[in-house]
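Reading through the structure tokens given below for one structure.
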Amino acid sequence: MPREVELRQSNTHVAREIAKLIVSGAWQEGRTLPREIELASQFSVSRTSIRESLSILKAKGLIAARQKAGTHVRERINWNMLDAELLEWTWALRPTEEFARQLTQVRRIVEPEACAICAERGSDADLARIERAYREMDAAGMNSRAYSEPDLRFHRGILTATGNDFLVAFGATVEAALRMSFDLSTLNPGAPRKSLPYHRAILDEIWARNPDGARLAMHRLMDLTERNITLALSRRHGEAIAAADASREHDA
């Protein structure tokens with residue numbers, strides 16, 4: 001592996017570890033971070049790596065530097081929660097129903113309207129790419145892993161077909177949200193496959209150049225997604241309680 005790639009991966013790893021301390025609340029809003037030399041010692045990397053890692057976190061809005069006062073954790077309202085990496089880090093640490101609800105709520109605001117625009121303005125070539133993604137989803141059968149990548153292409157294809165640069169950029173957020181759903185789908189056997197008819201309905205309405213129908217079809221898929229997430233998180237919560245009870249019985 002080239003040295004440059006190794007350094008980049010190392011910087012990302014350290015940034016992720018520092019982000020975990022912030023997102024989890026271990027390092028609270030307003031807290032001043034340790035000095036570079038202390039962080040370098042804590043994470044066993046060079047000060048250069050620490051500086052690069054902190055730059056990554058600054059770009060995501062997690063931290064900021066004050067002159068003569070060091071680097072501090074910013075208030076949560078300043079965090080760039082549409083950043084795909086930050087979404088993944090937050091989900092890994094705080095897989096709560098509220099976080100999932102907020103993320104799905106954002107998707108519901110954006111994706112149905114993107115479907116409507118796609119139906120109006122998408123080229124035949126754009127729609128053909130979306131259909132290819134759908135056919136690969138269908139071919140995946142009950143294999144959730146094989147299903148996930150074409151599902152991502154399906155949703156990003158719709159955003160791309162709008163021709164709106166801002167909606168295209170939102171694709172990274174949608175991808176993070178979908179990966180979150182895939183993580184949870186393992187708790188709901190067959191959940192991805194059950195969503196296939198909903199995707200077909202979206203595709204049919206887009207091909208029919210029916211903006212209202214495409215918008216409604218996406219809303220119906222979002223309804224299903226919300227139900228799946230709620231069910232999966234409920235199961236995960238139940239399993240956690242059962243595991244804790246079993247541990248207490250074992251220790252008794």
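All of these numbers come straight from a predicted model, not from anything done at the bench. The figures that follow rest on heavy atoms only: side chains count, while hydrogens, waters and symmetry mates do not.
- Using a 4.5 Å cut-off between side-chain heavy atoms of Ile, Leu, Val, Met, Phe, Trp and Tyr, with links allowed through other members, L21 and W79 fall into the same hydrophobic cluster.
- Heavy-atom contacts from other residues, nucleotides or ligands closer than 6.0 Å to CZ of R51 number more than 12.
- A distance-only check finds no donor-acceptor pair linking the side chain of E88 to the backbone of E85 [under 3.5 Å].
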Exercise for the section: Run the numbers on F170 and V106 for side chain to side chain contact (heavy atoms under 4.5 Å, CB included), then give the verdict. Expected result: CA-CA 10 Å; F170 189 77; V106 173; 3.3 Å; yes
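- Formation of a donor-acceptor pair under 3.5 Å by the S148 side chain with backbone atoms of R145 is found in this model.
- The shortest heavy-atom contact between L39 and P34 is CD1-O, 3.6 Å.
- For the pairing with M218, the side-chain contact (heavy atoms from CB on, under 4.5 Å) check across H155, E113, E205, H199 returns one residue only, H155.
- Side-chain contact between K60 and W89: present, with at least one pair of heavy atoms (C-beta onward) separated by less than 4.5 Å.
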Practice task
Please lay out, stage by stage, how R153 and E149 fare under the test salt bridge (Lys or Arg N to Asp or Glu O under 4.0 Å).
Solution key: CA-CA 6 Å; R153 291 200 301 276; E149 290 305 321; 5.3 Å; no
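- No donor-acceptor pair closer than 3.5 Å links the side chain of T32 to the backbone N or O of T71.
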Exercise for the section: Give the C-alpha distance, both sets of side-chain angles, the deciding distance and a yes or no for side chain to side chain donor-acceptor pair (under 3.5 Å) between H219 and D223. Expected result: CA-CA 6 Å; H219 272 299; D223 290 340; 5.9 Å; no
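- One N or O on the side chain of H72 and one on the backbone of A64 form a donor-acceptor pair closer than 3.5 Å.
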Exercise for the section: Please test L54 against I63 for side chain to side chain contact (heavy atoms under 4.5 Å, CB included), starting from the C-alpha separation and ending with a verdict. Expected result: CA-CA 8 Å; L54 295 181; I63 60 175; 3.7 Å; yes
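- By the 4.5 Å heavy-atom criterion applied to side chains, I158 and I206 are counted as neighbours.
- No donor-acceptor contact under 3.5 angstrom links the side chains of T225 and N228, judged on distance only.
- Considering Q42, R35, E36 as possible partners of E38, the one that fulfils the side-chain contact (heavy atoms from CB on, under 4.5 Å) test is R35.
- A distance of 5.0 Å separates CG in L203 from CD in E131, rounded to the nearest 0.5 Å.
- In this structure a side-chain-to-backbone donor-acceptor pair under 3.5 Å is present from T160 to R156.
- Taking 4.0 Å as the cut-off between side-chain N and carboxylate O, D124 and R209 count as a salt-bridged pair.
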Handout entry: Steps toward side chain to side chain contact (heavy atoms under 4.5 Å, CB included) verdict (L86, T90)
Key = CA-CA 6 Å; L86 182 53; T90 303; 3.9 Å; yes
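- Each of V110 and L221 belongs to its own hydrophobic cluster when Ile, Leu, Val, Met, Phe, Trp and Tyr are linked at side-chain heavy-atom distances under 4.5 angstrom.
- Across all non-hydrogen atoms, the minimal contact from A84 to A176 is O-CB, 4.1 Å.
- S49 contributes no side-chain N or O that, together with a main-chain N or O of S46, makes up a donor-acceptor pair within less than 3.5 Å.
- Residues C118 and I130 share a closest heavy-atom pair of SG-CD1, 3.9 Å.
- Judged by the 6.0 Å and 45° rule, K20 forms no cation-pi pair with W27.
- Taken from OG in S123 to CG in D126, the straight-line distance is 3.0 Å, to the nearest 0.5 Å.
- Under a cut-off of 6.0 angstrom, the local environment of CD1 in I109 is crowded, with over 12 non-hydrogen atoms contributed by other residues, nucleotides or ligands.
- L33 contributes atom CG, which lies 10.0 Å from atom CG of L62 (distance to the nearest 0.5 angstrom).
- Using a 4.5 Å heavy-atom threshold, the side chains of C115 and R215 count as separate.
- Expressed to the nearest 0.5 Å, how far OG of S195 lies from CE of M137 amounts to 5.0 Å.
- Under the 4.0 Å criterion applied to side-chain N and carboxylate O atoms, E226 and R108 are assigned as salt-bridge partners.
- Under a hydrophobic-cluster definition in which Ile, Leu, Val, Met, Phe, Trp and Tyr are linked whenever side-chain heavy atoms come within less than 4.5 Å, directly or via other members, L216 and Y198 are assigned to different clusters.
- Considering all non-hydrogen atoms of both residues, A15 and L57 come closest at O-CD2, 3.5 Å.
- A donor-acceptor pair is defined here as one N or O able to donate and one able to accept, closer than 3.5 Å; such a pair exists between the side chain of T173 and the backbone of L82.
- Looking at R193 and D138, a side-chain N of the basic residue comes within less than 4.0 Å of a carboxylate O on the acidic one, giving a salt bridge.
- M81 and I229 fall within the same hydrophobic cluster, defined by Ile, Leu, Val, Met, Phe, Trp and Tyr side-chain heavy atoms under 4.5 Å apart, directly or through other members.
- A salt bridge is defined here as a Lys NZ or Arg NE, NH1 or NH2 lying under 4.0 Å from an Asp or Glu carboxylate O, and E136 with R132 fails to meet this definition.
- For the pair E29 (side chain) and R76 (backbone), a donor-acceptor distance under 3.5 Å is present.
- To the nearest 0.5 Å, atom CG of residue N80 and atom CG of residue D83 are 5.0 Å apart.
- Smallest separation of non-hydrogen atoms from A214 and A116: CB-N, 4.4 Å.
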Practice task
Would you check, one step at a time, whether the test side chain to side chain contact (heavy atoms under 4.5 Å, CB included) holds for D151 with Y134?
Solution key: CA-CA 7 Å; D151 193 2; Y134 168 81; over 6 Å; no
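- Both M222 and I202 are part of a single hydrophobic cluster, where members link through side-chain heavy atoms under 4.5 Å apart.
- Heavy-atom neighbours of Q102 CD from other residues, nucleotides or ligands within 6.0 Å: above the threshold of 12.
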